[in-house]
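Input: a single structure, listed below in structure tokens.
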Amino acid sequence: MTALLEVNHVSKQFGSDMKALSDVNFSVQEGEFVSIIGPSGAGKSTLLRCINRMIGASSGEIIFDNMNVMNLKKKDLKLIRTKIGMIFQHYNLVNRLSVIENTLHGNLGKKSTLAGVLGLYSQEEKEQAVNILHVLGLEEHIYKRADQLSGGQKQRVGIARALIQNPRMLLCDEPIASLDPNSAKIIMDHLRNISRTMGITVLINLHQVDVALKYSDKIIGINHGQVVYNGSPKNITKEDIQRIYGSEAEDLIFDVGGIHAS
Amino acid sequence: MEANEQLTTAKQLLDPHLPKKIRIKTLTKSTVISRSTLIILALLSVYAFFSFDYKQLDIGEVVLSTFANLKAMFLEPHLKHFSFTHALYQVFVTLGLAFLTTLFGAVIAVFLGLLAAENLTNKRVSSVVKGSVAFIRAVPTVLWVLIFAVAAGLGSVAAVIGMTFHSVSYLVKAYSESFEELDKGVIEALQASGANWWQIIFQAVIPSSLTYMISWTFLRFEINFAVAIAMGAAAGAGGIGFDMFMASSFYLDIREIGAITYFILAIAILLELVAIRLKKKLKVNG
Ligand SMILES: Nc1ncnc2c1ncn2[C@@H]1O[C@H](COP(=O)(O)OP(=O)(O)O)[C@@H](O)[C@H]1O
Ligand SMILES: [Mg+2]
């Protein structure tokens with residue numbers, strides 16, 4: 001297996017003194033399911049956005065699919081972004097448009113400006129959208145407006161919009177943080193399913209340690225912009241969790257044994 | 001422990017030593033200033049009425065003859081110098097002027113509105129556009145028409161340009177504010193999938209703001225209708241306003257003014273009804 005994504009010595013500084021990331025190193029294999037955990041403000045969202053350059057890193061290099069993301073021209077950056085799907089905590093759908101229109105938005109990056117502006121999609125694209133919505137259990141809601149859906153359904157539309165890109169990798173920024181436990185489980189199961197059956201690499205920011213341990217092949221723990229854990233969920237210890245969450249760890253009602261058991 | 005806590009809060013509720021009068025508004029600096037401003041304004045207006053120079057006017061007589069004029073105007077309206085079809089045609093000319101200027105204004109305002117929205121451009125461009133538009137808006141429409149009349153001469157051309165000018169400034173503010181309402185996460189999501197600026201504008205920004213844009217545009221159309229009447233009279237732009245001007249200052253026929261006023265009122269009510277239906281429809285779909 002080769003690494004699909006390599007993050008080497010990446011730092012990010014906001015303004016003159018706010019260091020959000022410092023010397024971050026890790027790599028992700030093709031098809032892996034990797035969770036990034038850490039307290040809020042640790043730099044998880046910043047790290048995720050550096051990978052598709054929604055935020056430009058200050059130094060270091062990020063190699064995705066053998067291309068250095070940091071010094072891509074505009075056109076190549078666009079090409080890379082079409083290969084990376086992104087999913088958000090607040091779904092970020094266009095509320096007034098239908099489920100299928102929102103799904104097709106994932107294809108905008110591959111279209112000419114004019115076709116995108118006018119919303120002209122080929123029969124093939126529409127069929128693919130319907131298929132994906134079917135897989136995600138949204139076939140009854142295809143023509144509903146996005147704001148008529150529940151949170152869990154909205155997030156599935158978010159996943160559909162990312163999947164229609166035919167991405168190599170999904171970046172998920174706390175996709176279940178606003179959902180109830182049932183919907184959260186459905187979303188996580190879909191993501192694992194996508195990773196396993198389609199071979200899509202998943203890099204996901206999570207708040208819930210137990211969920212991260214249950215679903216991931218690999219855990220990256222971040223605290224204060226630094227990677228403090230990088231390894232398998234099986235070997236993680238209470239001390240590791242304490243190192244990741246710092247003093248907050250006391251508040252996490254946490255029992256490593258119990259989690260490994262479930 | 002918990003029960004104890006509940007007991008003490010209950011006791012506090014029954015405590016008879018609470019202050020007798022509980023104010024819900026406190027005297028802050030801003031309430032003091034706003035109240036004193038109101039009082040000063042009230043005193044000034046009373047003083048103004050006493051200090052008017054009434055000369056030989058007998059108030060009672062003036063009021064009575066005004067009522068007589070109003071009665072002739074509104075209870076005995078007639079059309080003498082124009083036919084009904086002519087008046088109807090002129091109303092459509094005025095509506096046309098309002099429609100044209102609103103349409104031109106709206107098209108230009110969409111593009112300037114995009115530039116003025118901080119989330120779609122940057123702070124610099126946004127404040128330049130917003131600043132210039134605020135300046136244009138501060139000058140009344142009539143004045144703009146008169147300014148353009150210097151170059152184009154008094155008439156419909158100056159009216160169209162001047163009214164369009166002011167409509168643009170009004171709609172840019174309305175549109176850009178509704179563009180700025182769009183959650184920046186939505187823009188981020190489309191950018192992350194590789195979409196470019198124009199695609200994001202037409203696939204996310206405009207669909208999200210469309211209902212606001214339509215209601216603001218219609219409101220501006222109603223304003224432009226009123227302005228178009230005034231322009232007909234003041235700037236010789238034609239239409240029903242010009243007929244009204246002729247009836248009042250040339251033929252001196254108040255009954256005809258009454259008839260024309262009824263015409264305009266009917267159209268205004270019609271526009272209002274359309275606006276209400278439009279809003280209802282937008283609420284259902286929007
Ligand atoms: N645009 C920005 N400007 C300045 N500081 C920022 C910006 N975005 C994030 N930060 C700071 O960077 C740190 C990491 O933020 P973030 O990546 O959102 O953390 P997380 O997602 O782990 O909660 C925080 O301290 C945050 O205040
Ligand atoms: Mg975050």
Side-chain angles (χ1 to χ4, degrees), chain A residues 45 48-49 51-55 74-98 101-121 145-147 157-158 161-167 170-173, chain B residues 106-107 110-115 117-124 174-218 278-286:
Chain A
S45 301
L48 220 58
R49 280 165 178 74
I51 290 167
N52 60 356
R53 226 171 87 187
M54 295 302 293
I55 294 176
K74 207 175 163 189
K75 212 174 140 196
D76 292 323
L77 177 64
K78 191 170 150 161
L79 186 72
I80 282 256
R81 282 182 180 171
T82 63
K83 293 189 200 169
I84 302 177
M86 198 162 186
I87 295 162
F88 306 85
Q89 178 182 351
H90 300 292
Y91 331 119
N92 299 358
L93 306 175
V94 181
N95 279 330
R96 276 155 202 274
L97 296 182
S98 68
E101 282 173 298
N102 271 292
T103 305
L104 287 163
H105 277 171
N107 267 339
L108 286 174
K110 291 177 191 151
K111 306 187 85 66
S112 72
T113 298
L114 190 66
V117 161
L118 298 177
L120 302 175
Y121 300 98
R145 267 174 46 158
D147 54 6
V157 178
R161 177 174 64 189
L163 281 186
I164 204 170
Q165 291 177 230
N166 293 323
L170 289 182
L171 301 175
C172 315
D173 193 8
Chain B
V107 171
V110 168
F111 290 99
L112 289 179
L114 292 172
L115 295 180
E118 223 175 83
N119 52 345
L120 303 178
T121 49
N122 54 51
K123 195 142 182 142
R124 213 176 193 175
Y175 292 172
S176 64
E177 276 172 9
S178 86
F179 294 156
E180 281 170 353
E181 292 270 298
L182 181 65
D183 182 31
K184 67 179 189 326
V186 176
I187 297 172
E188 186 188 25
L190 295 189
Q191 271 174 349
S193 72
N196 66 29
W197 194 79
W198 285 109
Q199 292 172 334
I200 293 172
I201 298 301
F202 281 91
Q203 287 297 318
V205 179
I206 292 188
S208 302
S209 321
L210 201 58
T211 49
Y212 278 111
M213 290 169 74
I214 291 173
S215 24
W216 278 109
T217 310
F218 202 83
L278 202 71
K279 282 214 181 101
K280 252 194 201 145
K281 219 174 159 181
L282 288 178
K283 268 215 186 104
V284 174
N285 301 326

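Letters go in sequence order (proteins before strands), and every chain restarts at 1. Excluded from the calculations below are hydrogen atoms, water molecules and symmetry mates; all remaining heavy atoms, backbone and side chain alike, are included.
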Exercise for the section: Under 4.5 Å, counting heavy-atom pairs only, tell me which of A/Leu79, A/Asn95, A/Thr113 racks up the most with chain B. Expected result: A/Thr113
Practice task
Considering only heavy atoms and a distance below 4.5 Å, find which of A/Lys111, A/Arg161, A/His105 pairs most often with chain B.
Solution key: A/His105
Which pair of non-hydrogen atoms, one from [X] and one from [Y], has the smallest distance, and what is that distance?
X        : Y        : answer
A/Pro167 : A/Leu170 : CG-CD2, 3.9 Å
A/Met86  : A/Ala162 : N-CB, 4.0 Å
A/Asn52  : B/Ala192 : ND2-CB, 3.8 Å

Handout entry: pair B/Thr121-B/Leu114: side-chain heavy atoms closer than 4.5 Å
Key = no
Can you tell which part of [X] gets under 4.5 Å to a heavy atom of chain B, answering side chain, backbone, both or neither?
X        : answer
A/Leu93  : backbone
A/Leu118 : backbone
A/Ile87  : neither

Exercise for the section: Please check if atom OH in B/Tyr212 has more than 12 non-hydrogen atoms from other residues, nucleotides or ligands closer than 6.0 Å. Expected result: no
